[in-house]
Peer 1: 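Before anything else, here's the structure in question.
Just the heavy atoms: all of them, side chains too, but no hydrogens, waters or symmetry mates, feed the values below.
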Amino acid sequence: MSARHSDRNWVTGQSVLMLAVVGLGVTHRGAWQSDAGFVAGAVLFALGAVVGIWGVRSLGGSRTPNPTPKADAELVQAGIYRWLRHPLYSSVMLASLGWALLWQSAAAMVATVVLCVFFDAKARLEERLLLAKFPEYAAYRGRTWRFLPWVY
């Protein structure tokens, strides 16, 4: 399978999963009633937005939805990339978890778990490709967290 075809499959998969989280949250809402869950959801959704915006700004022209780095990409280690290797994936995972909690949707929560597993697999592939392109990625990977500082 060509890299271009493989990239398209990854992007399609994440798009379908993100749409599932959004759609299931709205259509299967109210599985529980919790003001604390709603507040936690709002905080996580907002945190996901902040992490995503910071990630986009830090990554600049090297940003791509594909796991294969752009030919002219640079290894970004500044901004939020100083602490996280995949802040854009973290952003979507946080926002998805927040969305599921906001709508109090068990179905959206399940889709969020699937999305997190998906992004973990995509990140592992992306890291192999980045290591092949940037030998210094090994040291960078050794000092930064994948998705969540001090956790993972």
Peer 1: Under the salt bridge (Lys or Arg N to Asp or Glu O under 4.0 Å) rule, what pairs show up with a residue in residues 97-120, not counting sequence neighbours?
Peer 2: Asp120-Arg124, Asp120-Arg146
Peer 1: Please list, chain by chain and in numerical order, all residues satisfying side chain to side chain contact (heavy atoms under 4.5 Å, CB included) with Ala31, sequence neighbours excluded.
Peer 2: Ala106
Peer 1: Who passes ring pair (Phe, Tyr, Trp, His ring centres under 6.0 Å) against His28, sequence neighbours left out?
Peer 2: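 In terms of ring pair (Phe, Tyr, Trp, His ring centres under 6.0 Å), with neighbours along the sequence ignored, His28 is linked to no residue.
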Peer 1: Scan residues 79-103 for pairs that pass salt bridge (Lys or Arg N to Asp or Glu O under 4.0 Å), counting only residues two or more places apart or in two chains.
Peer 2: Arg85-Glu127
Peer 1: Could you work out, with side-chain hydrogen bond (donor to acceptor under 3.5 Å, both in side chains) as the rule, every residue matching Glu74, not counting sequence neighbours?
Peer 2: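 Counting only residues at least two positions away or on another chain, Glu74 forms no side-chain hydrogen bond (donor to acceptor under 3.5 Å, both in side chains).
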Peer 1: Not counting sequence neighbours, which residues clear ring pair (Phe, Tyr, Trp, His ring centres under 6.0 Å) with Tyr89? List them please.
Peer 2: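 Only His86, Phe119 meet the ring pair (Phe, Tyr, Trp, His ring centres under 6.0 Å) criterion with Tyr89.
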Peer 1: Which pairs, with at least one residue in residues 39-49 and sequence neighbours excluded, count as a side chain to side chain donor-acceptor pair (under 3.5 Å)?
Peer 2: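 Matches after skipping sequence neighbours: none remain.
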Peer 1: Pair up each side-chain donor or acceptor in residues 14-22 with any protein partner under 3.5 Å, not counting sequence neighbours, and list the distances.
Peer 2:
from	atom 1	to	atom 2	distance (Å)
Gln14	OE1	Lys122	NZ	2.4
Ser15	OG	Val11	O	2.9

Peer 1: Under the side-chain hydrogen bond (donor to acceptor under 3.5 Å, both in side chains) rule, collect the residues that match up with Thr64, sequence neighbours excluded.
Peer 2: Asn66
Peer 1: Could you list all the salt bridge (Lys or Arg N to Asp or Glu O under 4.0 Å) pairs where at least one residue sits in residues 49-70, not counting sequence neighbours?
Peer 2: none
Peer 1: Please list all pairs passing the salt bridge (Lys or Arg N to Asp or Glu O under 4.0 Å) test where one or both residues lie in residues 104-115, with sequence neighbours left out.
Peer 2: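 Listed by first then second residue: nothing to list.
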Peer 1: Kindly state each residue pair satisfying ring pair (Phe, Tyr, Trp, His ring centres under 6.0 Å) with at least one member in residues 61-84, sequence neighbours excluded.
Peer 2: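 For residues 61-84: Trp54-Trp83.
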